[in-house]
Amino acid sequence: MERKIILDENEMPKKWYNIQADVEIPPHLHPATKEPVKAEDMKPIFAEEIIKQEASKERWIPIPDEVMDIYRIWRPTPLYRAENLEKYLKTPAKIFFKWEGVSPPGSHKPNTAVAQAYYNSREGVERLTTETGAGQWGSALAFATKMFDMRCTVYMVKCSYEQKPYRRVLMQTWGADVVASPSERTDFGKKVKEEMPSTPGSLGIAISEAIEDAVKNDDTKYSLGSVLNHVVLHQSIIGLEMKKQFEMIDIYPDIICGCVGGGSNFSGGAFPFVPDKMKGKEIKFIDAEPTACPTLTKGLYTYDFGDTAKQTPLLKMYTLGHDFIPPAIHAGGLRYHGDAPSLCKLVESNIIEARAYHQNEVFESASIFARTEGFVIAPESAHGLKAVIDEAIKCKETGEEKIICFVNSGHGHFDLSSYDLYNNGMLQDYEYPEELIREAIKNIA
Ligand SMILES: *Cc1c(COP(=O)(O)O)cnc(C)c1O
């Protein structure tokens, strides 16, 4: 069997798959009225086409030619057979990974950034604002806006701004304006700085700033890199390509694994296979998150805000509370307090299984991968890999030749300081304490 299964450019899927056609997802609610949000409510923030997609129940949504054109810079992405890893693990399982690290920003994130920039530019929007943690999303949007000649302002969580200068430089190289959050640019940022002068910042705070900036400026809208239905829709290109690639070699996967921060790359890879499972096909979906931010495994399934300032609609999701600030000792990414409502619904319905892993075992998996398959992957992606390795070891015990596929969301070339900590035995495992979870959950809604 080939080492890489490559789709031809002209065999790329021409439509995204919308899970809302097959699964009823609880509507987002207006924070004041608690009624489902109306399109008008979201207009100051999002492009009209994005608002339409957020609530659409159409199963297939055409990918515009202009988006396809940019996708073709790096898509279709390869599906690899990880034979060296199989040999290392001495497993009878066959391991595959879908490699999203080949995009210019190095992750799956431009799959939605390009679509969002396109729809906004078509509607006359000149600038997009957003938040970023480690910088992957900010760099994806910086790249995408540049492809459509737009401006981009990125509110970057302060501790990452200080600790991860290379992603900032990358965003600036694509022409983005990058601001450490909390900042002096917004009223909310000023307020947070006054109340907590030494805060490391959080995604929730940065989202609040980016939304405030968009609402106050007519030529500007806001863009979110994960969680929402339209983002998951755009990411379905991953799973649709994977499906075609498996068909080319006449294989159907038994298990699909991936990591979850807000849920977009895993959902993008898994959702196109979900209808098969609902029709009775045997397939298992496993998503993996850090024990330091255990949203799906320990959070509460309820309506909560997407941001700290409570400006977003209420989303029905597993959540650790909108006040959640992840521990600074955690190096492994994936720090958002909530997750995609679509993914949460499927976890709640037991169609998708969630697991949490400690950072040392995650980096150990990443290290094995680098030494067998060669790629140095993002710490985020390595959570999904840890699930793959666990399943492959199980196959060794039972002798089952399962097909395990892994959404490998990005490369780790900007995460080398975390690898350095791991290589020197200086990473600490951390489990977010139950009392703090209970405390945070009390403040929900
Ligand atoms: C952002 C990111 C994630 C987490 O986000 P999801 O929305 O859960 O996909 C995972 N991997 C990489 C490489 C990322 O950049």
Side-chain angles (χ1 to χ4, degrees), residues 77 97-113 116 130-144 154 156-157 160 164 167 170-171 203 206-207 223-239 256-271 285-290 293 295-296 306 315 317-318 326 330-344 346-347 352 354 356-357 362 366 369 375-387 406-415 418:
T77 62
F97 65 95
K98 176 72 167 162
W99 184 222
E100 291 292 306
V102 289
S103 72
S107 75
H108 66 287
K109 288 201 170 76
N111 295 336
T112 185
Q116 293 190 44
T130 198
E131 73 293 333
T132 199
Q136 289 110 323
W137 169 243
S139 48
L141 196 68
F143 156 74
V154 181
M156 184 169 190
V157 177
S160 304
K164 306 206 164 163
R167 284 269 175 204
L170 191 60
M171 291 184 260
L203 274 180
I207 294 175
S223 176
L224 190 68
S226 187
V227 177
L228 294 179
N229 298 329
H230 66 271
V231 178
V232 170
L233 169 77
H234 303 149
Q235 294 297 354
S236 68
I237 186 88
I238 302 173
I256 295 181
C257 301
C259 69
V260 174
S264 73
N265 85 84
F266 174 75
S267 302
F271 284 2
F285 304 105
I286 306 171
D287 62 32
E289 62 185 12
C293 183
T295 316
L296 291 171
L315 309 178
M317 59 187 176
Y318 284 94
H330 174 62
L334 310 177
R335 296 146 168 256
Y336 188 61
H337 68 271
D339 272 322
S342 49
L343 175 63
C344 292
L346 288 164
V347 168
I352 292 173
Y357 294 115
V362 165
F369 197 78
F375 292 108
V376 175
I377 67 175
E380 289 87 346
S381 324
H383 287 74
L385 173 63
K386 168 67 179 144
F406 152 49
V407 184
N408 197 349
S409 53
H411 70 62
H413 298 178
F414 292 96
D415 301 285
S418 308

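As the structure lists them, so they are numbered: ligands from 1, and atoms in each ligand from 1. Quick note: numbers below take in every heavy atom, side chains included, and nothing from hydrogens, waters or symmetry partners. The structure displayed is predicted, hence computed values, not measured ones.
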> Is it true that the side chains of Ser223 and Gln116 contain a donor and an acceptor less than 3.5 Å apart?
yes

> Below 4.0 angstrom from a heavy atom of Gly410, which ligand 1 atoms are there? Numbered from 1 as shown, please.
13 (C)

> Considering distance alone, does some N or O of Gly262 sit under 3.5 Å from an N or O of ligand 1?
yes

> How does Asn265 reach ligand 1, if at all, at less than 4.0 Å between non-hydrogen atoms: by side chain, backbone, both, or neither?
both

> Between ligand 1 and His411, can you find any atom pair, the residue atom being a heavy atom, that is separated by under 4.0 Å?
no

> Would you mind telling me if ligand 1 is within reach of the side chain of Ala378, the backbone, both or neither, using heavy atoms under 4.0 Å?
side chain

> What class does the angle between the rings of Phe375 and Trp99 fall in, given that below 30° is parallel, 30 to 60° is tilted and above 60° is perpendicular?
tilted

> Taking non-hydrogen atoms only, is Glu100 closer than 4.0 angstrom to ligand 1 via side chain, backbone, both or neither?
neither

> When rounded to the nearest 0.5 angstrom, what distance separates CG in Asn265 from OG1 in Thr112?
12.5 Å

> Look up atom CG in Asp339 and atom CG in Leu334, then write down how far apart they are to the nearest 0.5 Å.
9.0 Å

> Between Gln136, Gln235, Lys109, flag the one that comes closest to atom 14 (C) of ligand 1 by a heavy atom.
Lys109

> Which atoms of ligand 1 sit under 4.0 Å from any heavy atom of Gly261?
4 (C), 6 (P), 8 (O)

> Contact between Glu289 and His383 at the side-chain level, heavy atoms closer than 4.5 Å - yes or no?
no

> Can you tell me the protein heavy atom closest to atom 12 (C) of ligand 1 and the distance?
Ser409 OG, 3.4 Å

> Any donor-acceptor pair under 3.5 Å linking the side-chain atoms of Glu100 with those of Asn111?
yes

> Quick one: which ligand 1 atoms are inside 4.0 Å of a heavy atom on Val260?
8 (O)

> Who's the nearest protein heavy-atom neighbour of atom 7 (O) of ligand 1, and how far?
Ser226 OG, 2.5 Å

> Hey, are the side chains of Met171 and Leu141 touching, using non-hydrogen atoms and a 4.5 Å cut-off?
no

> In terms of residue, atom name and distance, what is the protein heavy atom nearest to atom 4 (C) of ligand 1?
Leu334 CD2, 3.6 Å

